[in-house]
Amino acid sequence: MNKKNLEKQVGGEWYKTMTIQPIEYIQANRMEFAEGCVIKYVSRHKKKNGKEDILKAIQNLEFILERDYND
């Protein structure tokens, strides 16, 4: 990953303050979209949208359950 891109964030600063940015973790582990969204929302909830980000993470976990486990 190009570290220069990690220095540039369009809007907000919440990811740039993290030791490991969610995008680095997501890409390094070749995660699928919904799993990546969970990481992103949980990582930023205290600095951005609070409860709304937790609810978004839960919704993505429900997508994973439905997709992978037919729940």
Q.
Can you give me the closest heavy-atom contact between Gly36 and Ile26, atom names plus distance?
A. O-CD1, 3.2 Å

(Q) Return the CG to NZ distance between Asn49 and Lys47, rounded to the nearest 0.5 Å. (A) 14.0 Å

**Q.** Ile20, CD1 atom: more than 12 neighbouring heavy atoms under 6.0 Å
**A.** no

Q. Is it true that Ile64 and Val42 fall in one hydrophobic cluster, defined by side-chain heavy atoms closer than 4.5 Å?
A. yes

Q: Calculate, to the nearest 0.5 Å, the distance between atoms CG and OH belonging to Leu55 and Tyr41 respectively.
A: 11.5 Å

(Q) Using side-chain heavy atoms (C-beta onward) and a distance below 4.5 Å, is Met18 in contact with Glu24? (A) no

Q.
Nearest 0.5 angstrom please: Lys51 NZ to Ile58 CD1, how far?
A. 9.5 Å

Q. Should Ile39 and Glu35 count as side-chain neighbours, where that means a heavy-atom distance under 4.5 Å?
A. no

(Q) I want to check something: taking the side chain as every heavy atom from C-beta on, are Gln59 and Phe63 in contact at a cut-off of under 4.5 Å? (A) yes

Q: Using a 4.5 Å cut-off on heavy atoms from C-beta on, say whether the side chain of Glu66 contacts that of Glu62.
A: no

Q: Would you give the length of the straight line joining atom CZ of Arg44 to atom CD1 of Ile54, rounded to the nearest 0.5 angstrom?
A: 10.5 Å

Q. Got Lys40 and Tyr15 here, is their nearest side-chain heavy-atom distance under 4.5 Å?
A. yes

**Q.** Val38 versus Ala57, closest heavy-atom pair with distance
**A.** CG2-O, 3.7 Å

